[in-house]
Amino acid sequence: MKVEKIMVVGAGQMGSGIAQVCAQAGYTVTLNDLKLEFVERGLGVINKNLSRNVEKGRLSADEKEEILSRITPSTSLQDAQAADLVIEAAVENMDIKTKVFGQLDELAPEHAILATNTSSLPITEIAAATNRPEKVIGMHFMNPVPVMKLVEIIRGLATADEVYQEIEDITKRIGKVPVEVNDFPGFVSNRILMPMINEAIYTLYEGVATKEAIDEVMKLGMNHPMGPLTLADFIGLDTCLYIMETLHEGFGDTKYRPCPLLRKYVKAGWLGKKSGRGFYVYE
Ligand SMILES: CC(=O)CC(=O)SCCNC(=O)CCNC(=O)[C@H](O)C(C)(C)COP(=O)(O)OP(=O)(O)OC[C@H]1O[C@@H](n2cnc3c(N)ncnc32)[C@H](O)[C@@H]1OP(=O)(O)O
Ligand SMILES: NC(=O)C1=CN([C@@H]2O[C@H](COP(=O)(O)OP(=O)(O)OC[C@H]3O[C@@H](n4cnc5c(N)ncnc54)[C@H](OP(=O)(O)O)[C@@H]3O)[C@@H](O)[C@H]2O)C=CC1
């Protein structure tokens with residue numbers, strides 16, 4: 001059974017980007033979130049991105065409308081009934097993900113693949129919340145989704161070979177490069193990236209330098225496109241904290257302990273760019 005209809009659960013920064021690239025590749029997409037206002041915010045971002053492509057002459061106005069017409073808003077998981085593939089991009093929290101996967105398992109057709117965009121949580125544990133662990137897989141996009149080429153693909157213990165193959169094919173069809181990695185906390189991307197970001201936060205916490213100086217060192221000295229504190233704001237400090245907690249708990253090693261300053265900011269609701277304030281202030 002070839003995948004034609006994709007449902008994306010969670011219309012935040014990742015979910016909206018995933019819905020955009022899937023619709024651009026010709027898939028019929030349902031974009032789901034808890035409230036219509038969140039779905040509309042996601043659709044607004046997609047509209048803006050596509051308009052920029054029209055302005056730059058990469059897309060005609062008709063093509064833009066066609067892409068948008070392939071995306072249907074949804075606030076009910078019942079809409080999974082029509083999906084061949086569900087890509088979950090809700091918050092990085094195991095309780096929420098297992099609850100969503102349990103419901104999706106009951107609602108989605110038997111043939112449907114259930115993928116998660118989790119950035120660090122065990123795929124095998126998410127799969128165990130369903131009665132179809134062979135059809136559950138990690139499909140980890142990078143932010144911003146329309147720009148970044150990589151998709152980490154992670155098999156759970158029971159993921160079937162044909163499911164892996166289908167997800168690899170879809171990844172290529174949407175213009176991304178698949179890289180297979182094993183099911184360990186943080187996979188490859190966040191096992192390496194997030195301790196660097198956490199260390200940058202410790203560097204600020206211990207007064208080694210200002211936030212601007214830390215970012216400048218990594219940008220100019222290491223050629224990173226964004227400094228680590230700017231990148232943390234961009235990813236979302238809540239997501240950064242969840243990932244560090246997953247690494248800390250998953251490996252049981254104190255080297256992954258989240259910096260207290262990161263915890264403090266998240267408790268204050270300073271979640272980075274998406275909430276208007278993190279290490280920096282955004283309009
Ligand atoms: C946490 C996880 O689990 C995994 C992760 O995702 S970790 C995060 C991984 N991502 C990164 O590390 C991103 C690091 N930053 C960058 O690569 C760059 O700063 C950036 C691509 C975001 C912006 O690039 P830039 O050159 O500084 O800015 P800018 O010139 O405005 O943008 C470059 C292009 O990207 C596009 N772009 C930038 N931000 C965008 C966004 N949020 N959405 C869509 N497109 C975007 C711009 O439109 C522009 O496109 P064109 O050149 O085709 O016109
Ligand atoms: N940010 C990043 O750079 C990356 C993030 N990821 C992963 O992608 C996922 C989403 O992250 P991101 O998009 O940044 O987060 P956001 O906070 O931007 O978006 C998450 C969205 O999911 C919604 N949501 C929460 N619970 C449910 C639910 N039960 N059903 C449907 N929607 C729900 C949230 O609604 P509400 O606001 O009401 O909670 C919110 O709109 C996480 O697992 C994260 O780890 C992966 C790669 C990169």
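In listed order, ligands and their atoms are each counted from 1.
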Numbered atoms and elements of ligand 2 in range of Thr239, under 4.0 angstrom, heavy atoms: 44 (C), 45 (O)
With a 4.0 Å cut-off on N to O distance, would you call Asp183 and Arg155 a salt bridge? no
Nearest to atom 47 (C) of ligand 2, what protein heavy atom do you find, and at what distance? Phe141 O, 3.1 Å
According to ring-ring contact (aromatic ring centres under 6.0 Å, His included), who are the partners of Tyr256, at least two apart in sequence or on a separate chain? Phe251
Give me the residue, atom name and distance of the protein heavy atom closest to atom 46 (C) of ligand 2. Asn117 ND2, 3.3 Å
Answer yes if the side chains of His248 and Asp253 hold a donor-acceptor pair under 3.5 Å, and no otherwise. no
Separation between CG (Leu241) and CD1 (Ile235), nearest 0.5 Å, reads 13.0 Å
Pull out every atom of ligand 2 sitting under 4.0 Å from any heavy atom of Val100, numbered as shown with elements. 29 (N)
Ion pair present between Glu37 and Arg41, side-chain N to carboxylate O less than 4.0 angstrom? no
Which residues pass the ring-ring contact (aromatic ring centres under 6.0 Å, His included) test with Phe101, not counting sequence neighbours? none
Numbered atoms and elements of ligand 2 in range of Asn32, under 4.0 angstrom, heavy atoms: 31 (C)
Would you say the side-chain atoms of Glu152 and Ser189 include a donor-acceptor pair closer than 3.5 Å? yes
Which atoms from ligand 2 have a heavy atom of Ser119 less than 4.0 Å away? 6 (N), 7 (C), 44 (C), 45 (O), 46 (C)
When you check the side-chain N and O atoms of Lys64 and Ser51, is any donor under 3.5 Å from an acceptor? yes
Counting from 1 in the order shown, the ligand 2 atoms closer than 4.0 Å to a non-hydrogen atom of Val9 are 30 (N), 31 (C)
Using a strict cut-off of less than 4.0 Å between a Lys/Arg side-chain nitrogen and an Asp/Glu carboxylate oxygen, indicate whether Glu110 and Lys135 qualify as a salt bridge. no
Work out whether the distance between some heavy atom of His140 and some atom of ligand 2 is less than 4.0 Å. yes
Just let me know how Lys99 lines up against ligand 2, side chain, backbone, both or neither, with a heavy-atom cut-off below 4.0 Å. neither
First-shell residues of ligand 1 [heavy atom, distance under 4.0 Å]: Asn49, Arg52, Lys56, Arg58, Ser119, His140, Met142, Asn143, Pro144, Pro146, Val147, Met148, Asn190, Leu193, Pro225, Met226, Leu231, Ile235
Can you tell me which residue and heavy atom of the protein come closest to atom 20 (C) of ligand 2, and the distance to 0.1 Å? Ala89 O, 3.9 Å
What protein heavy atom is closest to atom 30 (N) of ligand 2, reported as residue, atom name and distance in Å? Leu34 CD2, 3.6 Å
When only distance counts, is Gly15 in polar contact with ligand 2, meaning an N/O pair under 3.5 Å? no
Identify the closest protein heavy atom to atom 18 (O) of ligand 2: which residue and atom is it, and at what distance? Gln13 N, 3.1 Å
What's the separation between atom CG in Leu68 and atom CD in Glu66, rounded to the nearest 0.5 Å? 10.5 Å
Within the distance-only criterion (no hydrogens, no angle test), does the side chain of Asp84 pair as donor or acceptor with the backbone N or O of Ile113 below 3.5 angstrom? no
Less than 4.5 Å apart, side chain to side chain, heavy atoms only: is that true for Ile153 and Pro178? yes
Gly236 to ligand 2, any heavy atom closer than 4.0 Å: no
Ligand 2 to Gly10, heavy atom cutoff 4.0 Å, flagged ligand atoms 22 (O), 32 (N)
For atom 19 (O) of ligand 2, grab the closest protein heavy atom and report residue, atom and distance to one decimal in Å. Gly12 CA, 3.3 Å
To the nearest 0.5 angstrom, please state how far the CD atom of Glu106 sits from the CD atom of Gln81. 11.5 Å
To which protein heavy atom is atom 5 (C) of ligand 2 closest, and what is the distance rounded to 0.1 Å? Met14 CG, 3.4 Å
Name the closest protein heavy atom to atom 9 (C) of ligand 2, giving the residue it belongs to and the distance to 0.1 Å. Ala90 O, 3.0 Å
Residues Asp238, Lys274: salt bridge by 4.0 Å N-O rule: yes
Under the salt bridge (charged side-chain N to carboxylate O under 4.0 Å, His left out) rule, collect the residues that match up with Asp79, sequence neighbours excluded. none
What atoms in ligand 2 come closer than 4.0 Å to a heavy atom of Asn143? 1 (N), 2 (C), 3 (O)
Examine Asp33 against ligand 2 and note whether any of their N/O atoms are separated by less than 3.5 Å. yes
Polar atom proximity, Lys97 to ligand 2 (N or O, under 3.5 Å): yes
When you measure from the centre of the six-membered ring of Phe141, is the NZ or CZ of Lys176 under 6.0 Å away and within 45° of the axis? no
